[in-house]
Enquirer: 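The structure is given below, and queries will be raised subsequently.
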Amino acid sequence: MKEDNDKQNITIRFGSWDLPMTVQRKNEHLYREAEKIMKERYAFYTGTYKGLATERYMIMSMLDIAVRLAHAQEKG
């Protein structure tokens, strides 16, 4: 059971935000990969659609990621 309680403090950085989190050590790589995906999608939308509000870019990025997740779940 110690493995289930093995926690680690990490900081996810996105733009000017630092998001401190406590995660299970075995899942740290998932959070790091999610951070990378978030940054990639955000960069895509800010580069493709100029002059929009930050919130719009974030919503577009979240929707993109959610659709990809739904598609992956649909495939099984």
Side-chain angles (χ1 to χ4, degrees):
M1 284 273 180
K2 182 180 186 294
E3 187 176 308
D4 290 338
N5 295 325
D6 194 12
K7 305 277 185 181
Q8 177 175 351
N9 293 325
I10 63 171
T11 301
I12 300 296
R13 290 181 173 78
F14 186 80
S16 61
W17 296 315
D18 288 343
L19 307 167
M21 306 180 79
T22 302
V23 302
Q24 290 185 345
R25 189 174 301 278
K26 67 181 181 181
N27 292 333
E28 178 192 3
H29 70 284
L30 298 173
Y31 284 87
R32 298 297 181 195
E33 183 62 23
E35 177 184 27
K36 179 181 164 188
I37 292 167
M38 289 168 43
K39 288 177 179 180
E40 287 173 354
R41 298 322 303 154
Y42 187 83
F44 171 78
Y45 285 107
T46 57
T48 302
Y49 301 96
K50 302 290 185 185
L52 301 179
T54 299
E55 292 82 6
R56 283 200 174 240
Y57 294 126
M58 293 178 79
I59 291 168
M60 294 166 84
S61 301
M62 287 189 311
L63 179 59
D64 184 311
I65 293 166
V67 167
R68 291 168 186 247
L69 174 61
H71 182 69
Q73 288 176 334
E74 190 175 75
K75 288 171 66 174

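Note that the structure is predicted; figures quoted are calculated from it, not measured. In what follows, every heavy atom counts, from backbone to side chain, and hydrogens, waters and symmetry copies are set aside.
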Enquirer: Check whether Trp17 and Met60 end up in the same hydrophobic cluster, where Ile, Leu, Val, Met, Phe, Trp and Tyr are linked by side-chain heavy atoms less than 4.5 Å apart.
Expert: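 In one cluster with Trp17: Met60, yes.
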Enquirer: Do Val23 and Ile37 share a hydrophobic cluster, counting only Ile, Leu, Val, Met, Phe, Trp and Tyr and linking them when any side-chain heavy atoms are less than 4.5 Å apart?
Expert: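 Hydrophobic grouping puts Val23 with Ile37.
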Enquirer: Looking at side-chain heavy atoms only, is the closest gap between Ile65 and Met38 below 4.5 Å?
Expert: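 With C-beta onward as the side chain, the pair touches.
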Enquirer: Could you see if Phe44 belongs to whatever hydrophobic cluster contains Leu52? Use Ile, Leu, Val, Met, Phe, Trp, Tyr and a side-chain cutoff under 4.5 Å.
Expert: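 Yes, it is one cluster - the side chains of Phe44 and Leu52 are joined through contacts under 4.5 Å.
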Enquirer: With salt bridge (charged side-chain N to carboxylate O under 4.0 Å, His left out) as the rule and sequence neighbours excluded, what pairs involving residues 48-60 come up?
Expert: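 Sorted result for residues 48-60: empty, none.
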Enquirer: For residues 57-76, pull every pair meeting side chain to side chain donor-acceptor pair (under 3.5 Å), keeping only residues two or more places apart or in separate chains.
Expert: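 For residues 57-76, and leaving out neighbouring residues, the side chain to side chain donor-acceptor pair (under 3.5 Å) pairs sorted by first residue read Arg41-Asp64, Tyr45-Asp64, Asp64-Arg68.
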Enquirer: Quick one: are Leu19 and Glu35 in side-chain contact, heavy atoms under 4.5 Å?
Expert: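 No, every pair of side-chain atoms sits at 4.5 Å or beyond.
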Enquirer: Who are the ring-ring contact (aromatic ring centres under 6.0 Å, His included) partners of Phe14, not counting sequence neighbours?
Expert: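 Once residues adjacent in sequence are excluded, the partners of Phe14 under the ring-ring contact (aromatic ring centres under 6.0 Å, His included) criterion are Tyr42.
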Enquirer: Would you indicate whether the side-chain heavy atoms of Lys7 and Arg25 approach each other to under 4.5 Å?
Expert: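 With C-beta onward as the side chain, the pair stays apart.
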Enquirer: Calculate, to the nearest 0.5 Å, the distance between atoms NZ and CD1 belonging to Lys39 and Ile12 respectively.
Expert: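 Interatomic distance, Lys39 NZ to Ile12 CD1, rounded to 0.5 Å: 8.0 Å.
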